[in-house]
Amino acid sequence: MSSTQRRRLNPPSQDSDSDDSGFLDERILLLVLESIKWDLQVICLTASVNRKLRATAKRLLWRKLCVYRAPRMVATLANGAPNGRIGGGWDSLAKLMFYCCGCESTRHFKLSGPSPSHFARASRFSKTSGRSFLTKKCRGDLLFVSDPCEHPMGDKEDDLGIYRGVFRGFMRSKTRACLIRRQVAFEERVRCPYCGTRVWSMTTARLVPKSAARRLGSRDGRLEYFVCVNGHLHGTCWLVPLSSDEEVCDQEEDGDGDDDDDGSEEIDGKAYNHQTVTNGSTSSLGEDF
């Protein structure tokens with residue numbers, strides 16, 4: 001059989017998702033990504049090449065990224081087993097770590113115009129902050145919440161704060177049990193921006209404690225947040241302008257002061273080195289990408 005006949009019988013595949021993608025050994029891929037400190041944009045590009053690499057990213061690469069960037073938070077969320085499963089998947093957790101989801105008007109929170117989503121250059125997640133978002137009956141839950149990402153809305157409006165968070169073991173949490181016991185309905189027009197599942201409005205459920213506004217630097221009633229069935233939290237608030245002699249108190253009036261080590265993680269998008277960041281009385285391990 002001539003070479004021309006063989007080409008006719010076996011035409012080159014036009015499917016970029018075929019197994020013949022040049023990807024031979026995922027160990028080589030892991031070594032390359034490890035050498036560049038698990039660069040987020042490179043992993044995104046890798047996952048977009050074809051179906052095989054997308055599956056590898058979902059199964060392995062996003063978990064490696066999360067463990068590298070925020071080892072203490074991941075160890076806490078995974079109960080010390082970072083190789084295991086996590087609610088919503090590792091790709092959703094990676095997105096939550098690095099992505100500000102933006103905001104549009106909802107029935108409890110009105111905006112003059114939508115605020116766009118974007119890659120977050122720096123984020124700090126803290127379980128001490130998370131306690132401020134839990135009612136007293138739910139204080140046994142563990143929740144990491146980020147500092148608000150500030151979005152200027154114009155000279156005549158306060159700045160908009162957009163924040164996000166994640167529960168540990170949400171399926172067994174007191175917060176979920178409370179939502180189910182109160183028969184709170186899912187929101188009709190809102191989905192989780194990180195995993196796409198249905199969400200509860202904590203405003204509708206009347207589960208927003210006053211300590212949440214104090215922690216965010218907002219006022220009571222000027223914030224809203226949602227929690228999805230996988231335990232991802234996202235929300236918005238109006239930030240109170242601070243004068244030179246004004247500060248927002250980080251310590252809660254009900255006795256929830258910061259611990260010496262609150263398990264927080266600071267994720268910075270400027271460099272590749274590890275550093276320890278001290279902010280007031282809170283010490284946190286910074287992880288940069």
Practice prompt. Kindly state each residue pair satisfying salt bridge (charged side-chain N to carboxylate O under 4.0 Å, His left out) with at least one member in residues 164-184, sequence neighbours excluded.
Written response: none
Worksheet item: If you group Ile, Leu, Val, Met, Phe, Trp and Tyr by side-chain heavy-atom gaps below 4.5 Å, do Y194 and V74 land in one group?
Response: yes
Fill in: Non-hydrogen atoms of H232 and G87 that approach each other most closely
NE2-O, 3.5 Å
Discussion item. Tell me if a side-chain donor or acceptor on D91 pairs with a main-chain N or O of K58 at a distance below 3.5 Å.
Written reply: no
Item to complete: Give the intermediate values and the outcome of side-chain contact (heavy atoms from CB on, under 4.5 Å) for residues L30 and W38.
Response: CA-CA 9 Å; L30 294 179; W38 300 97; 3.7 Å; yes
Response to the item:
For V199, the other hydrophobic cluster members (4.5 Å side-chain criterion, sorted by chain and number) are V190, F226
Discussion item. Do F186 and L179 make a side-chain contact, defined as non-hydrogen atoms from C-beta onward lying under 4.5 Å apart?
Written reply: no
Worksheet entry | Centroid-centroid under 6.0 Å between Y99 and F119 rings | no
Practice prompt. State, with a plain yes or no, whether a side-chain heavy atom of P148 is found less than 4.5 Å away from one of L239.
Written response: yes
Practice prompt. Start with the C-alpha gap between E187 and R107, add the side-chain angles, then the distance that decides, and say whether salt bridge (charged side-chain N to carboxylate O under 4.0 Å, His left out) holds.
Written response: CA-CA 10 Å; E187 290 295 293; R107 56 179 173 149; 2.6 Å; yes
Discussion item. With a 4.5 Å cut-off on side-chain heavy-atom distances among I, L, V, M, F, W and Y, is there a chain of contacts connecting I36 to L31?
Written reply: no
Response to the item:
CZ of R59 to NZ of K64, rounded to nearest 0.5 Å, is 11.0 Å
Worksheet item: How far does OH of Y225 sit from OG1 of T106, to the nearest 0.5 angstrom?
Response: 14.0 Å
Worksheet item: Is it the case that one hydrophobic cluster holds both L60 and V49, taking links as side-chain heavy atoms less than 4.5 Å apart, direct or via other members?
Response: yes
Worksheet item: Hey, does the side chain of S211 reach the backbone of S132 with a donor-acceptor pair shorter than 3.5 angstrom?
Response: yes
Worksheet entry | Minimum heavy-atom distance between G113 and M153, given as atom pair plus value | O-CE, 3.8 Å
Item to complete: Would you confirm whether S218, through its side chain, and W238, through its main-chain N or O, come within 3.5 Å as a donor-acceptor pair?
Response: yes
Worksheet entry | Pair E266-S123, side-chain donor/acceptor within less than 3.5 Å | no
Item to complete: Check L134 against L143 and note the closest heavy-atom contact, atom names and distance.
Response: CD2-CD2, 4.2 Å
Fill in: Validation row: C149, H151 side chains within 4.5 angstrom (heavy atoms)
yes
Worksheet item: Quick check: does any side chain N or O of K95 sit under 3.5 Å from a backbone N or O of P193, one acting as donor and the other as acceptor?
Response: yes
Practice prompt. Specify the closest pair of heavy atoms between C100 and I162, including all atoms of both residues, with the distance to one decimal.
Written response: SG-CG2, 3.8 Å
Worksheet item: Could you state the interatomic distance from CG (L142) to OG1 (T175), rounded to the nearest 0.5 Å?
Response: 10.5 Å
Worksheet entry | Separation of S105 OG from R189 CZ (nearest 0.5 Å) | 11.5 Å
Item to complete: Please name all residues satisfying salt bridge (charged side-chain N to carboxylate O under 4.0 Å, His left out) with D158, sequence neighbours left out, ordered by chain then number.
Response: R222
Worksheet item: Taking C-beta and beyond as the side chain, do L33 and L65 meet within less than 4.5 Å on heavy atoms?
Response: no
Discussion item. I'd like to check C192 versus N230 (side-chain heavy atoms, cut-off strictly below 4.5 Å). Are they in contact?
Written reply: no
Worksheet item: Between S129 (side chain) and F125 (backbone), is there a donor-acceptor pair under 3.5 Å?
Response: no
Fill in: Full working for side-chain contact (heavy atoms from CB on, under 4.5 Å) between K210 and R215
CA-CA 9 Å; K210 293 182 179 180; R215 172 64 65 173; over 6 Å; no
Worksheet entry | No-hydrogen, no-angle side-chain donor-acceptor test under 3.5 Å, T46 and R54 | no
Discussion item. When you group the ILVMFWY residues by side-chain heavy-atom contacts below 4.5 Å and let the links chain together, are V42 and L61 in the same group?
Written reply: yes
Worksheet item: Are S201 and E224 close enough that some pair of their side-chain heavy atoms sits under 4.5 Å apart?
Response: yes
Worksheet item: Is there side-chain contact between L29 and L53, with at least one heavy-atom pair below 4.5 Å?
Response: yes
Practice prompt. Please examine the side chains of C228 and C195, heavy atoms only from C-beta on, and report whether any two atoms are closer than 4.5 Å.
Written response: yes
Worksheet item: How far apart are the closest heavy atoms of T135 and L207, and which atoms are they?
Response: CG2-O, 3.7 Å
Practice prompt. Return yes if some donor-acceptor pair links the side-chain N/O of E265 with the main-chain N/O of R72 below 3.5 Å, else return no.
Written response: yes
Practice prompt. Is it possible for you to say whether M171 and I86 belong to one hydrophobic cluster, with membership spreading through side-chain heavy-atom contacts below 4.5 Å?
Written response: no
Item to complete: Measure the SG-CD distance between C237 and E150 for me, rounded to the nearest 0.5 Å.
Response: 9.0 Å
Fill in: Which atom of V229 lies closest to which atom of F170, heavy atoms considered
O-CD2, 3.5 Å
Discussion item. Using 0.5 Å steps for rounding, measure from the CG atom of L160 to the SG atom of C103.
Written reply: 5.5 Å
Discussion item. side-chain contact (heavy atoms from CB on, under 4.5 Å), that's the test. Do T204 and H108 meet it? Break it down for me.
Written reply: CA-CA 8 Å; T204 300; H108 297 301; 3.0 Å; yes
Discussion item. I want to know whether F133 and Y163 have ring centres closer than 6.0 Å.
Written reply: yes
Fill in: Derivation and outcome, side-chain contact (heavy atoms from CB on, under 4.5 Å), residues T76 and F144
CA-CA 10 Å; T76 301; F144 284 90; 3.9 Å; yes
